[in-house]
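Here the structure comes first, spelled out in structure tokens, and everything after it is commentary.
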Amino acid sequence: MKTIYNFSAGPGTLPKEALDAASQAVLDYKNNGISILEMSHRSQPVVELMKNTTDLARELLSVPDNFHILWLQGGASTQFSMIPMNLLSNDQTADYTDTGLWAAKAINEAKIFGNINISSSTKKNIYNHIYKDLEQTPNAIYLHITSNNTIYGTQWKSFPNTLNPEGYIVADMSSDIFSRKIDFNSFGLIYAGAQKNMGPAGVTMVIIRDDILGKVNRQIPTMLNYNTHINKKSAFNTPPVSTIFVVNKTLSWLKELGGLVAIEDRNKIKAEKLYREIERNSIFTCPVNNEDRSQMNVPFTFMENGNENKFLQFCADRGLMTLKGHRSVGGFRASIYNAMPLEGVDALVTAMQDYESMDSK
Ligand SMILES: *Cc1c(COP(=O)(O)O)cnc(C)c1O
């Protein structure tokens, strides 16, 4: 059987170990004779699974004790409104960086709940870099950033400081969570949809500092109130147990591999290889400023007009799948999340070289 490498931006590729465990658990979870899909979230094995997954996430990311870890539904997109609803009163201001489509969506939602100041925007440059000289509000409650811009392939390599000493950073880490170490000092809240770098779609991890809650002067619907989910350990209503199971297996795989120290190294090597080939290759180019290039999503285009479908088919014939770029950037995008092995990147580099020599004949 030919090896297939899935370069999809999301849902992203998962480790084989997690998929094998999932297929077994769908038939029979831990020899109970019952499928994971049928198990009650109140049953002992599932209560243990939830706790174990939270513990694993806390251990891998070194999350300090004053942060809660929640598993919520509604995707990262629900967090765009849940965050300001819980943290920002109508008469208060939050700063937002406009670094891509997801960042812009977060801004639009936040405007419903308070004053939103755009600290920087690279929209007019089609988000090809991150503008780091921020205009911050002195008393802003928080500063919102998108740590990795999935569509445009930019990534914050280090995080800004808040101008307000009492302020904190809120970060959408949907597409680079668990790809590198995080220093929690400046963060108040970190959120990430699972389906890019830690599991299948259906659950969103929210890591939230204890002291920032309970300060807004509005009523919050029960399901959208972080305190509900803190008090009920993410099981106020029926959680997506099978999704959390696959997250658990993906994190177990990561721990086995050596955790964030090991994966950070591996991600760096993968990204360097691919960017080096794009630079070297005479027919491809990368639209993103050098210093902001993402280690997770690598967009590239033809230097001159070319037949994009022909290259996509050339790759697909070799088992290199889902390389089409996002419609707002065009060209190609290789998402090389944690679970993409080095061999997958090597195979893509070889395909780019072979296409170049074929093209020049
Ligand atoms: C995919 C993505 C989202 C949207 O996630 P959903 O879970 O589909 O709501 C938000 N932010 C970033 C950075 C993403 O990559």
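For ligands, and for the atoms within them, numbers begin at 1 and follow the listed sequence.
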Q) By number and element, which atoms of ligand 1 are closer than 4.0 Å to a non-hydrogen atom of G75? A)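 In order of numbering, the contacting atoms are 7 (O), 9 (O).
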Under 4.0 Å to a heavy atom of T146 - the qualifying atoms of ligand 1, by number
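Near T146, meaning under 4.0 Å from one of its heavy atoms, ligand 1 has 13 (C).
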* Output yes when E264 and K181 qualify as a salt bridge under the 4.0 Å nitrogen-oxygen rule, no when they do not. =>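 Looking at E264 and K181, the cut-off is met.
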Note to self: Show, in sequence, the C-alpha distance, side-chain angles and deciding distance for Q155 and R180, and conclude whether the side-chain contact (heavy atoms from CB on, under 4.5 Å) test is met.
What the structure shows: CA-CA 12 Å; Q155 185 173 31; R180 54 178 171 171; 3.8 Å; yes
Is it the case that [X] and [Y] place a side-chain donor and acceptor less than 3.5 Å from each other?
X	Y	result
Y152	N297	no
Q313	N309	no
E48	N52	no
N164	N139	no

According to the interplanar angle, ranging from 0 to 90°, do the rings of Y131 and H129 count as parallel (below 30°), tilted (30 to 60°) or perpendicular (above 60°)?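 Ring orientation of Y131 relative to H129: perpendicular.
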Ignoring angles and geometry beyond distance, decide whether [X] reaches within less than 3.5 Å of ligand 1 through its nitrogen or oxygen atoms.
X	value
K196	yes
T150	yes
A76	yes

Worksheet item: When you measure from atom 9 (O) of ligand 1 to every protein heavy atom, which one gives the shortest distance, and what is it?
Response: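 Atom 9 (O) of ligand 1 sits closest to the protein heavy atom S77 OG, 2.6 Å.
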- Item | For atom 8 (O) of ligand 1, the protein heavy atom that lies nearest, with its residue and separation |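 For this ligand atom, the closest protein heavy atom is Q195 NE2, 3.3 Å.
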Only heavy atoms count here, so choose which of T204, D172, V203 is nearest to atom 11 (N) of ligand 1.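 Answer by nearest heavy atom: D172.
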Heavy-atom pairs closer than 4.0 Å: do any link ligand 1 to the side chain of F80, the backbone, both, or neither?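 Side chain only.
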